[in-house]
Amino acid sequence: MNKKIGQILRTRIGEENYEKLLEIKNPKLHEFLAVFIELLNPSKVFVCDDSEEDVNFIREEAIRNGEEKRLALKGHTIHFDGYRDQARDKERTKFLVPKGTDLGPHIPSTDRDEGLKEIQDIMKGIMRGHTLYILFFCLGPANSGFSIPCVQLTDSSYVAHSESLLYRKGYSEFKRSGGKRFLKFVHSEGDLDDNKTSRNIDKRRIYIDLENEIVYSANMQYGGNTLGLKKLAMRLAINRASREGWLTEHMFLMCVHGPNGRKTYFTGAFPSLCGKTSTSMVPGETIVGDDISYLRKMKGEIRGVNVEKGMSGIIMGVNSKDDPLIWKVLNSPGEIIFSNVLVTDGKVYWTGKDGEPPKKGRNHSGEWAKGKNDNEGKEVPPSHPNARFTLDLKLLDNLDPELDNPEGVKVGGIIYGGRDSDTWVPVKESFGWEHGVVTIGASLESETTAATLGKTGVRKYNPMANLDFLSIPVGKYIQHHLDFSRSVKNPPKIFGVNYFLKDPKGEFLNEKTDKAVWLKWMELRSHGEVEALRTPTGLVPKYEDLRKLFREVLKKEYTKEEYSEQFKIRIPESLEKIGRITKIYKTEVKDTPAIVFKILEEQSKRLEDARKKFGDYVPPDSFL
Ligand code: SPV
Ligand code: MN
């Protein structure tokens with residue numbers, strides 16, 4: 001170790017912590033730590049290795065500091081984020097870019113030099129009186145072609161505890177490999193108020209320095225803003241992946257079990273609150289991950305891994321009927337952090353849980369009773385719509401055995417889904433890779449819900465459900481997807497799903513449990529074992545195949561009327577959608593690849609032709 005750096009570390013962190021760092025032979029790491037310890041100026045430092053003893057210390061710290069409180073069931077704890085710190089803070093999240101860099105209007109950025117100065121001023125001395133936890137993790141399975149070592153600095157024991165559930169341990173990986181090209185995350189919750197929530201709201205910032213691969217996050221606690229390895233690392237990894245020819249995606253990874261014990265793995269990208277976690281947890285199938293995947297070309301195949309090893313899922317709406325697997329886990333002892341739900345006498349309640357809501361308790365707004373209004377006169381629900389549960393996947397009975405396979409799993413299909421009340425059919429397959437990338441992935445939209453601020457039912461463009469995290473221009477990202485399957489003999493099929501179709505009265509046309517059937521159909525399609533109907537917008541199931549699957553999977557009679565209504569091709573809405581998407585690519589995405597327009601135009605032409613022949617709304621059987 002460099003002498004000066006060694007001296008700084010030794011005097012600031014104590015002999016025991018220093019010994020732990022000496023085991024890692026990486027001068028860049030030592031320098032990074034010394035620089036930031038001087039900047040943050042914590043009163044204490046704790047270097048966490050992979051031992052159970054150290055992880056337990058973090059767990060206990062969260063209780064001692066009051067950032068988490070124990071609940072009635074063993075292992076369960078509750079954490080509250082500030083009332084205005086309940087979701088990803090898009091406004092204050094920015095990429096730091098050198099002068100003259102243009103990432104386009106969808107990707108917020110600010111001048112790198114100014115941004116660095118601003119955030120370093122905010123973070124100067126921010127940890128006075130706090131303990132700094134230094135944590136090592138590995139994104140993706142350890143010791144594999146997918147692994148990315150990471151170091152997290154944080155003064156929040158809640159953040160540290162959450163990450164110990166969500167990410168693979170990395171201290172041994174750093175010792176083994178030196179942690180070459182590691183990603184760096186620097187977080188401070190800043191001053192806390194009496195409720196243990198961040199006080200200095202005006203100084204909240206998330207600044208992403210792509211050049212040094214450092215993310216700064218200050219004066220906030222909500223996981224999406226603070227858990228460095230989640231969406232902050234994802235932004236860095238998207239950038240790296242685009243330079244190295246692989247993909248970082250906002251995707252679950254799951255196994256769909258086909259006939260005769262066949263296992264087919266699917267990834268799926270959905271914007272928040274569109275059923276991503278619940279799809280990956282469909283009964284009968286097995287889960288590898290519910291949020292972020294890395295995909296790489298290996299041995300002529302596309303292979304994927306779960307970047308994480310835990311789950312931080314939305315709890316709203318989880319009930320015993322629709323989500324039996326997660327329901328059981330949430331109601332059993334085990335290590336689970338609940339956030340922003342209602343707590344009454346040590347028991348938790350969330351919107352949509354079985355049973356009656358309690359009349360009072362404590363939630364993200366403080367003491368709560370039914371009818372409570374916030375400062376703006378808005379009624380405070382018992383739990384926040386974005387309230388979450390965080391756990392290690394090993395708590396799940398349906399965990400797939402391939403989670404830690406260093407070579408990942410072969411991806412047999414890719415699914416995109418959004419919240420769409422009137423256009424897409426419940427499930428369809430693209431004509432091929434490019435058609436899928438353009439008309440499904442890059443055309444993804446989702447309607448806003450009551451869970452997000454602003455008007456409901458507004459369609460938001462969200463290519464690959466990844467718009468919030470893109471660290472390269474949108475056109476470049478799409479080109480990268482188009483190129484990705486080159487040199488792969490049988491690339492995964494691309495599917496689009498829509499769980500949110502409504503009838504004219506506004507009632508959903510499908511049950512939540514129907515997705516189990518769509519998954520089985522996609523599994524069969526990915527092996528060419530059922531036929532499909534060729535419509536202008538893609539390949540859709542045949543009635544007989546779905547009828548059989550509904551009987552087998554859900555023991556339900558699926559009628560021809562339901563099928564015809566759900567799978568009719570809605571030509572006016574489909575054309576309007578192409579119009580909206582084309583406009584965005586023409587006016588807002590300067591670097592749109594030309595093939596995007598070509599494929600969208602061809603789709604319009606097919607729809608126009610079908611309209612001439614069959615009218616506006618075309619039952620699927622017309623395409624027999
Ligand atoms: C999402 O919003 O997509 C999440 C939760 O998975 S967060 O950690 O906020 O990103
Ligand atoms: Mn997510």
Side-chain angles (χ1 to χ4, degrees), residues 79-82 84-93 108 137 139 150 152 154 156 158-159 161-163 165-167 185 187 204 206 208 215 217 220-238 247-254 267-281 287-294 306-318 326 337-341 350 364 383-391 393 415-419 444 446 448-449 451-453 460 462-471:
H79 163 83
F80 293 115
D81 297 303
R84 315 233 164 263
D85 185 16
Q86 293 286 322
R88 281 187 273 109
D89 188 341
K90 297 190 199 180
E91 244 171 73
R92 297 184 184 81
T93 304
F137 296 107
L139 292 172
C150 296
Q152 167 89 56
T154 180
S156 163
Y158 157 72
V159 166
H161 180 203
S162 300
E163 290 195 325
L165 294 175
L166 289 169
Y167 301 100
F185 305 95
H187 165 251
R204 286 205 297 230
I206 299 171
I208 302 147
V215 185
S217 158
M220 44 217 325
Q221 290 161 303
Y222 169 72
N225 297 321
T226 61
L227 305 174
L229 279 81
K230 210 172 193 31
K231 297 314 192 325
L232 311 185
M234 194 167 151
R235 292 174 172 99
L236 297 178
I238 286 172
L247 294 179
T248 296
E249 295 302 311
H250 192 200
M251 285 175 172
F252 67 62
L253 181 56
M254 70 183 296
T267 62
F270 298 60
S272 302
L273 268 167
C274 291
K276 180 150 147 259
T277 299
S278 68
T279 304
S280 65
M281 290 289 287
I287 180 172
V288 184
D290 84 321
D291 200 29
I292 308 171
S293 299
Y294 292 158
N306 179 7
V307 167
E308 312 179 281
K309 61 117 178 151
M311 179 189 277
S312 177
I314 292 181
I315 200 165
M316 183 170 78
V318 171
I326 201 69
I337 307 173
F338 292 83
S339 57
N340 308 317
V341 296
W350 58 84
H364 59 292
S383 73
H384 192 276
N386 196 28
R388 303 225 165 208
F389 60 86
T390 299
L391 48 79
L393 292 172
I415 307 170
Y416 294 102
R419 187 176 285 267
L444 202 62
S446 199
T448 51
T449 64
T452 47
L453 293 178
K460 290 256 195 276
N462 194 347
M464 282 75 176
N466 216 357
L467 186 64
D468 287 353
F469 315 110
L470 292 188
S471 47

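One-based numbering along the sequence shown. Counting starts at 1 for both ligands and their atoms, following the listed order.
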* Asked: If we ignore angles and hydrogens, is there a donor and acceptor under 3.5 Å between the side chains of Glu308 and Tyr167?
  -> yes

* Write out the protein residues near ligand 1, meaning a non-hydrogen atom under 4.0 Å from one of its atoms, in order of chain and number. => Arg88, Tyr222, Gly224, Lys230, Lys231, His250, Ser272, Asp291, Arg388

* Parallel, tilted or perpendicular for His364 and His384, by the 30°/60° rule? -> perpendicular

* Asked: Between the side chains of Asn462 and Ser446, does any donor sit under 3.5 Å from an acceptor?
  -> no

* When you check the gap from the basic side-chain N to the acidic O, do Asp468 and Lys90 get nearer than 4.0 Å? -> yes

* Structure fact -> Listing protein N, O or S under 2.8 Å around the Mn ion (ligand 2) gives Lys231 NZ, His250 NE2, Asp291 OD1

* Asked: Are the charged groups of Lys230 and Glu163 less than 4.0 angstrom apart, N to O?
  -> no

* Sequence neighbours excluded, which residues qualify as salt bridge (charged side-chain N to carboxylate O under 4.0 Å, His left out) partners of Arg419? -> none

* Asked: Just by distance, with hydrogens left out, do Asn386 and Tyr222 show a side-chain donor and acceptor under 3.5 Å apart?
  -> yes

* Ser217: what forms a side chain to side chain donor-acceptor pair (under 3.5 Å) with it, not counting sequence neighbours? -> none

* Asked: Do Asn225 and Asp89 have side-chain atoms, one donor and one acceptor, less than 3.5 Å apart?
  -> no

